[in-house]
Undergrad: 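Below is one structure. I have some questions about it.
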Amino acid sequence: TLLGMIATDAPIAPTLLPSLLTTAVNKSFNSISIDGDTSTNDTVAVLANGAAGGKEITSESSEDHAVFQETLTSFAIDLAKLVVRDGEGATKFVTIRVTEAPSEVGARKIASTIARSPLVKTALYGKDANWGRILCATGYSQISEPGQPINEVPEIVPEKTSVSFIPADGSAELKLLVNGEPESVDEVRAAEILEHEDLEILVRLGGGKEEAVYWTCDYSHEYITINGDYRT
Amino acid sequence: LDSTIPAAKQKYIPTSGTYPKGFLVSGTHVGVKATNKSTPDLAFLASETPCAAAAVFTKNKFQAAPVTVSRNMLKRRNNTGVRSIIVNSGCANAVTGKGGMEDAEKMGEEADKCFEQPQDGKGGSSIVMSTGVIGQRLPIQKILRKIPTAYDGLGSSHDHWLTAARAICTTDTFPKLLSRTFTLPSSPSITYSLAGMTKGAGMIHPNMA
């Protein structure tokens, strides 16, 4: 279960707080996955008491509103990342970025599907640069839409899709697949990148300008141990 | 730092923080799980004055009792006049039927009693959260007895915030607490604060609205 509590002494009108929180949560807590299970209890609340004084934010079009939204969203992202860092049995912190998408919704679905793929997550645990599993998850990510055959998915064009690993140390990206064609992967370099705790998987769809980000972790033996032991 | 926290995770635990004015927190041991003999498992976050509040909740069809109770409270109050958040770990109070709903309501009511707030006809003013195992009733009397203790233990220090963050943990290996300061364009001379705590380690793929 995910629980979150955020408190601020900034003065925010009660009518604006729900949309401020929803926007922040969609970019943060609703963009993480550890094991793909959605709890019965997930709750994130925000309280604003205005104790620090100043002018109350009452308009969605005000500069204060924009600044507070940005502050709250980035704060919620940092909190959400801590949850991923503590994923049961996790040894890796993985950012999944889907870019060049025709729509943000499509990019989010793809990022979410990769983030919950057991085979992607076990490959990450095994330090295996298995772009095939990433591509596989990308390819089926829209099948769950009722009545939509896979060949009608607009976001994914295999010949335009590219997959890279972005190292955590700021060094050059490792291209695994470019425009649907596999690269000759330097396995030594791939192994170096996968030794780091942090990793970014970048999927370029080559079909637009929208993007989405998800944060996830790997699956390890420890996950099974913890949850095989946790009793209801 | 706590030696029970894995060395690799110690770096994520703040050693200080800047916390928002007018908020007080505590973490208290109840023993919601009978095996828990000393770890805090009841967190209380309170505002010295009534607040604006909002929350997002799981879209899982089997919503736990505190989810329903808290959502109803915020709706009834139009997101105004909220005083506190009361949270227990160790038992989720989920899929517990009418009795579970009553337990969640009692938790909120007991928290409300701590504040000398005039009745405004809108009912309770506390958000209730629970986390832990599903399908078990809360040891509600144990929790209710400790809410006044949790209130007495409220404070605003970094240690208070960290203990509260610890009290909401279940299988988490470390408490998750952050704070930050910021300014707003219309009042550049005022420094505002944000503080947040979160928990979660498994059953995590949130879809809240």
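Proteins get letters first, then strands, A, B, ... in listed order; numbering begins at 1 in each.
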Undergrad: Out of B:A52, B:G200, B:A165, return the one with the most heavy atom pairs under 4.5 angstrom to chain A.
TA: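 Answer, by heavy-atom pair count under 4.5 Å with chain A: B:A52.
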Undergrad: Mind listing the closest non-hydrogen atom pair of A:K27 and A:W215 along with its distance?
TA: O-CZ3, 3.5 Å
Undergrad: Without hydrogens or angle criteria, can the side chains of B:N60 and A:T38 be said to hold a donor-acceptor pair below 3.5 Å?
TA: no
Undergrad: Report yes or no: does A:Y223 contribute a side-chain atom to a donor-acceptor pair with the main-chain N or O of B:G202 at less than 3.5 Å?
TA: no
Undergrad: Hey, which of A:N49, A:I34, A:L82, A:I6 has the most heavy atom pairs under 4.5 Å with chain B?
TA: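 Of the options given, most contacts go to A:N49.
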Undergrad: Answer yes if the side chains of A:D169 and A:S171 hold a donor-acceptor pair under 3.5 Å, and no otherwise.
TA: yes
Undergrad: Which region of A:S28, side chain (C-beta onward) or backbone (N, CA, C, O), has a non-hydrogen atom less than 4.5 Å from a non-hydrogen atom of chain B, or is it both or neither?
TA: neither
Undergrad: Check the side chains of A:E63 and B:S186 for a donor-acceptor pair under 3.5 angstrom, ignoring hydrogens and angles.
TA: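 Short answer, no.
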Undergrad: Between A:T225 and A:H221, is there a donor-acceptor pair closer than 3.5 Å when you use the side chain of the first and the backbone of the second?
TA: yes
Undergrad: Can you say whether B:I190 sits under 4.5 Å from chain A via the side chain, the backbone, both, or neither, judging by heavy atoms?
TA: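 For B:I190, the contact with chain A is made by the side chain alone.
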Undergrad: Shorter than 4.5 Å, heavy atoms on both sides: which option in A:T216, A:I57, A:N30, A:V84 has the most such pairs with chain B?
TA: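 The option with the most such pairs is A:N30.
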Undergrad: Among A:L17, A:I32, A:V44, who wins on heavy-atom pairs under 4.5 Å with chain B?
TA: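 Between A:L17, A:I32, A:V44, the count favours A:V44.
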Undergrad: Less than 4.5 Å to any heavy atom of chain A: does that hold for the side chain of B:L74, its backbone, both, or neither?
TA: neither
Undergrad: Is there a donor-acceptor contact under 3.5 Å linking the side chains of A:T43 and B:R71?
TA: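 No, because no side-chain N or O of A:T43 sits under 3.5 Å from a partner of the opposite role on B:R71.
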Undergrad: Need one label for A:R85: side chain, backbone, both or neither, based on atoms under 4.5 Å from any heavy atom in chain B.
TA: both
Undergrad: Give, as side chain, backbone, both or neither, the part of A:V25 having an atom under 4.5 angstrom from any heavy atom of chain B.
TA: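 Just its side chain gets close to chain B.
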Undergrad: For the side chain of B:D41 and the backbone of B:G31, is there at least one donor-acceptor N/O pair under 3.5 Å apart?
TA: yes
Undergrad: Look at A:V67, A:L72, A:L21, A:D35 and state which one has the largest set of heavy-atom pairs under 4.5 Å with chain B.
TA: A:D35
Undergrad: Is B:K199 close to chain A through its backbone or its side chain, or both, or neither, when contacts mean heavy atoms under 4.5 Å?
TA: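 Looking at B:K199, backbone and side chain both touch chain A.
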Undergrad: Taking B:S189, B:A94, B:A201 one by one, which has the highest count of heavy-atom pairs under 4.5 Å against chain A?
TA: B:A201
Undergrad: A:V83, A:I12, A:T15, A:T40: which one forms the most heavy-atom pairs within less than 4.5 Å of chain B?
TA: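 It is A:T40.
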Undergrad: Mind ranking A:P11, A:A52, A:A51 by heavy-atom pairs under 4.5 Å with chain B and telling me who comes out on top?
TA: A:A52
Undergrad: Salt-bridge test for A:D78 and B:R180: reply yes if a basic N is under 4.0 Å from a carboxylate O, no otherwise.
TA: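 Salt bridge flag = yes for B:R180 with A:D78.
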Undergrad: Mark yes or no for whether A:T73, through its side chain, and A:E70, through its backbone, hold a donor-acceptor pair below 3.5 Å.
TA: no
Undergrad: If you count heavy-atom pairs within less than 4.5 Å of chain A, which of B:A209, B:S193, B:S187, B:S130 leads?
TA: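 Winner by heavy-atom pair count: B:S193.
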Undergrad: Using heavy-atom distances under 4.5 Å, tell me whether B:V25 contacts chain A through its side chain, its backbone, both, or neither.
TA: neither
Undergrad: Tell me, for A:L3 versus chain B, whether the close heavy atoms (under 4.5 Å) come from the side chain, the backbone, both or neither.
TA: both
Undergrad: Pick one of side chain, backbone, both or neither for B:I127, based on which atoms fall under 4.5 Å of a heavy atom in chain A.
TA: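 Answer is side chain: those atoms of B:I127 sit under 4.5 Å from chain A.
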Undergrad: If you count heavy-atom pairs within less than 4.5 Å of chain A, which of B:F57, B:F62, B:F23, B:F182 leads?
TA: B:F23
Undergrad: Using a 4.5 angstrom heavy-atom cutoff, name the option from B:A64, B:A195, B:A43, B:S179 with the most pairs to chain A.
TA: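 Highest number of heavy-atom pairs under 4.5 Å: B:A195.
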Undergrad: Keeping B:N79 on the side-chain end and B:A53 on the backbone end, is there a donor-acceptor pair under 3.5 Å?
TA: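 A pair under 3.5 Å: yes.
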Undergrad: Cation-pi between A:K121 and A:Y125: NZ/CZ under 6.0 Å from ring centre and within 45° of the ring axis?
TA: no
Undergrad: B:T131 pairs by side chain to side chain contact (heavy atoms under 4.5 Å, CB included) with which of B:T170, B:D172, B:V32?
TA: B:T170
Undergrad: Against chain A, work out which of B:S70, B:P66, B:A92 has the most heavy-atom pairs shorter than 4.5 Å and name it.
TA: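 Answer, by heavy-atom pair count under 4.5 Å with chain A: B:A92.
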Undergrad: With a 4.5 angstrom heavy-atom cut-off, could you sort out which part of A:L20 is near chain B: side chain, backbone, both or neither?
TA: neither
